[in-house]
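Every heavy atom of this structure was used, including side-chain atoms; hydrogens, water molecules and symmetry mates were not.
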Amino acid sequence: MSEAKDGELRAVQAALAAEHAAVYGYGVVGGRISDGRRAEARSAYDAHRARRDALVREVKDLGGRPVAAAAGYALPFPVPDAAAAVRLAAELEDRVAGVYSDLVRAAGGARRTLAAEALREAAVRAVRWRGESVAFPGLAERAGTAPPLAAPTA
């Protein structure tokens, strides 16, 4: 496998891992979110599941074995109530956007276009959750400020 294809496969695998974590995180969000935002959380959950499934196919198309979801993930902070659930949803979207920005850099052609669409969608959802935007979603804001995506728990 060429170095470029290997880098692209690693970036797709990282996006897949991020989507696994986001699906898990939205399960937590759904359990704590207020009724008024439950449909929004469900829509985001469904979007991440669809992206996850598409990425499984992408990894296979690149000749890789898709990374499996962990049984559980460590959350970046406790989520005892609806306000924390909203913060978690915004954080999940920020982290997914960061991974898709890496995929945009690593990929070309149609895969780059799909990664850019996923980055845009995550950035828009983050704005909806947070109520404000950032200058460059997935780029400078995450450098040195956001910890890595939720780590699998043992």
Keeping the roles fixed (side chain from [X], backbone from [Y]), state whether a donor-acceptor pair exists under 3.5 Å.
X      : Y      : value
Gln13  : Arg65  : yes
Ser43  : Glu40  : no
Arg112 : Val104 : yes
His48  : Val96  : no

Heavy-atom closest pair, residues [X] and [Y]:
X      : Y      : value
Pro76  : Glu91  : CG-CG, 4.1 Å
Val29  : Ala85  : CG2-O, 3.6 Å
Tyr100 : Ala15  : CE2-CB, 4.0 Å
Ala97  : Leu119 : O-CD1, 3.2 Å
Gly27  : Tyr45  : N-CD1, 4.5 Å
Val99  : Ala18  : CG2-CB, 3.9 Å

Are [X] and [Y] close enough for a salt bridge, meaning some N to O gap below 4.0 Å?
X      : Y      : result
Glu93  : Arg128 : no
Asp53  : Arg49  : no
Arg111 : Glu8   : yes

Nearest 0.5 Å, please: how far is [atom2] in [Y] from [atom1] in [X]?
X      : Y     : atom1 : atom2 : result
Asp81  : Arg87 : CG    : CZ    : 7.0 Å
His20  : Leu55 : NE2   : CG    : 9.0 Å
Leu92  : Glu19 : CG    : CD    : 10.0 Å
Arg130 : Asp94 : CZ    : CG    : 4.0 Å

Cluster overlap [X] with [Y], hydrophobic side-chain contacts below 4.5 Å:
X      : Y      : value
Val67  : Leu62  : yes
Leu114 : Leu16  : no
Val56  : Leu103 : yes

Can you list the steps and then say if Asp61 with Arg57 is a salt bridge (charged side-chain N to carboxylate O under 4.0 Å, His left out)?
CA-CA 6 Å; Asp61 288 349; Arg57 290 187 297 275; over 6 Å; no
Going by salt bridge (Lys or Arg N to Asp or Glu O under 4.0 Å), Asp35 matches just one of Arg32, Arg38, Arg37. Which one?
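Filter result, single survivor: Arg38.
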Verdict with supporting geometry, Tyr24 and Leu75, side-chain contact (heavy atoms from CB on, under 4.5 Å)
CA-CA 10 Å; Tyr24 178 90; Leu75 299 175; 4.3 Å; yes
